[in-house]
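Just so you know, residue 1 is the first one in the sequence shown, and it goes up from there. Computation of the quantities below employed the complete heavy-atom set of this structure, encompassing side-chain atoms and omitting hydrogens, waters and symmetry-equivalent molecules.
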Amino acid sequence: MTPFGERVRQLRRERGLMLKDMAAHLGVSSAYLSALERGERGKPTWTLIQGVLQYFNIIWDEADELARLADLSDPRVKIDTSGTHPRATLLANRLAREIGQLSEDEVDEMLAILDQAQDRSRRASSFTEARPDGERSAPSLQEA
């Protein structure tokens with residue numbers, strides 16, 4: 001199951017809605033919608049995401065979150081490790097082979113590590129400023 005599929009199923013069940021009715025509203029088959037919920041289909045299209053938002057009458061932050069989940073819901077991920085350290089390639093390959101053996105707690109631990117890296121990257125990019133030539137540079141000590 002993908003994060004998007006899990007959330008759509010949860011929303012549908014919370015509201016007591018039938019899969020076949022939602023599928024008809026979205027203009028897709030029940031089989032397709034069921035496969036999407038189970039994570040057996042690729043990332044949903046922008047049009048389908050908009051249809052889901054409209055079907056559930058979702059706006060603002062919840063809509064942003066559902067769109068974010070859709071973006072992170074490709075069940076057949078490809079990781080390009082070219083230009084990275086050889087151990088990054090090792091990590092990507094080991095993860096691809098062994099992800100099914102990880103417990104939920106282990107997955108949560110790995111996600112926490114990735115969240116820390118993302119936060120570190122965001123902080124680093126917030127300390128840069130745009131230069132007239134379009135390049136980015138770190139602020140001087142006087143600016144920091």
Chemist: Just how far is it from atom CD1 of Ile59 to atom CG of Asn57, taken to the nearest 0.5 Å?
Modeler: 7.0 Å
Chemist: Is there a side chain to side chain contact (heavy atoms under 4.5 Å, CB included) between Leu114 and Gln118? Walk through the geometry before answering.
Modeler: CA-CA 6 Å; Leu114 294 173; Gln118 185 179 43; over 6 Å; no
Chemist: Do you know the tightest heavy-atom contact between Arg76 and Gly42?
Modeler: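 Scanning both residues completely, I find the closest heavy atoms to be NH1-N, 4.3 Å.
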Chemist: Could you state the interatomic distance from CD (Glu106) to CD1 (Ile99), rounded to the nearest 0.5 Å?
Modeler: 11.0 Å
Chemist: Take atom CD in Glu14; do more than 12 heavy atoms of anything else shown fall under 6.0 Å from it?
Modeler: yes
Chemist: Can you confirm whether Arg12 is buried at CZ, in the sense that more than 12 heavy atoms of other residues, nucleotides or ligands lie under 6.0 Å from that atom?
Modeler: yes
Chemist: Supply the atom-to-atom distance Arg120 CZ to Gln116 CD, rounded to the nearest 0.5 angstrom.
Modeler: 7.5 Å
Chemist: Side chains of Ser126 and Arg122: is there a donor and an acceptor less than 3.5 Å apart?
Modeler: no
Chemist: Would you call Arg7 and Glu62 a salt bridge, using N to O less than 4.0 angstrom?
Modeler: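 Salt bridge: yes.
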Chemist: Any chance you could lay out the side chain to side chain contact (heavy atoms under 4.5 Å, CB included) test for Leu72 and Lys43, step after step, and finish with the verdict?
Modeler: CA-CA 8 Å; Leu72 296 172; Lys43 225 166 64 166; over 6 Å; no
Chemist: So do Asp61 and Glu65 actually touch side chain to side chain, heavy atoms under 4.5 Å?
Modeler: no
Chemist: Quick one: do the Asp105 and Ser103 side chains pair a donor with an acceptor below 3.5 Å?
Modeler: no
Chemist: Could you grab the distance from atom CG of Asn93 to atom CD of Glu98, nearest 0.5 Å is fine?
Modeler: 10.5 Å
Chemist: Counting C-beta onward and ignoring hydrogens, is there a side-chain heavy-atom pair between Met110 and Leu95 closer than 4.5 Å?
Modeler: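 Yes - at least one pair of side-chain heavy atoms lies under 4.5 Å apart.
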Chemist: Set out, in order, the CA-CA distance, both residues' side-chain angles and the distance that settles side chain to side chain contact (heavy atoms under 4.5 Å, CB included) for Met1 and Glu40, then state yes or no.
Modeler: CA-CA 7 Å; Met1 184 173 284; Glu40 296 171 1; over 6 Å; no
Chemist: Quick check: closest heavy atoms across Ala88 and Thr81, and the distance to 0.1 Å?
Modeler: O-CG2, 4.0 Å
Chemist: Does the side chain of Asp64 come within less than 4.5 Å of Trp60's, by heavy atoms?
Modeler: no
Chemist: So, do Phe4 and Leu36 sit near enough that their side-chain heavy atoms are less than 4.5 Å apart?
Modeler: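 Yes, side chains in contact.
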Chemist: Which value, rounded to the nearest 0.5 Å, describes the distance between Thr89 atom OG1 and Arg94 atom CZ?
Modeler: 13.5 Å
Chemist: Taking Leu69's backbone N and O only, do any of them form a donor-acceptor pair with Ser73's side chain (distance below 3.5 Å, no angle check)?
Modeler: yes
Chemist: How close do Ser34 and Arg9 get, counting heavy atoms only, and between which atoms?
Modeler: O-NH2, 4.4 Å
Chemist: Under the side chain to side chain contact (heavy atoms under 4.5 Å, CB included) rule, what do Ile58 and Leu11 come out as? Steps first, then yes or no, please.
Modeler: CA-CA 10 Å; Ile58 295 174; Leu11 288 166; 3.6 Å; yes
Chemist: Mind listing the closest non-hydrogen atom pair of Leu66 and Val52 along with its distance?
Modeler: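 Nearest heavy atoms, Leu66 then Val52: CD2-CG1, 3.8 Å.
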Chemist: What pair of heavy atoms forms the shortest contact from Ile79 to Val77, and how long is it?
Modeler: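 Smallest heavy-atom distance, with atoms named: CG1-CG1, 4.0 Å.
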Chemist: Under a 4.5 Å cut-off applied to non-hydrogen side-chain atoms, are Arg123 and Asp119 in contact?
Modeler: yes
Chemist: Taking a hydrophobic cluster as the set of Ile, Leu, Val, Met, Phe, Trp and Tyr residues connected by side-chain heavy atoms closer than 4.5 Å, whether directly or through intermediates, do Val8 and Leu17 fall within one such cluster?
Modeler: yes
Chemist: To the nearest 0.5 Å, how far apart are CG in Leu90 and OG1 in Thr84?
Modeler: 10.5 Å
Chemist: Decide yes or no for Leu19 and Glu37: does some side-chain heavy atom of the first lie under 4.5 Å from some side-chain heavy atom of the second?
Modeler: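 The answer is yes, as the side chains (C-beta and beyond) meet within the 4.5 Å cut-off.
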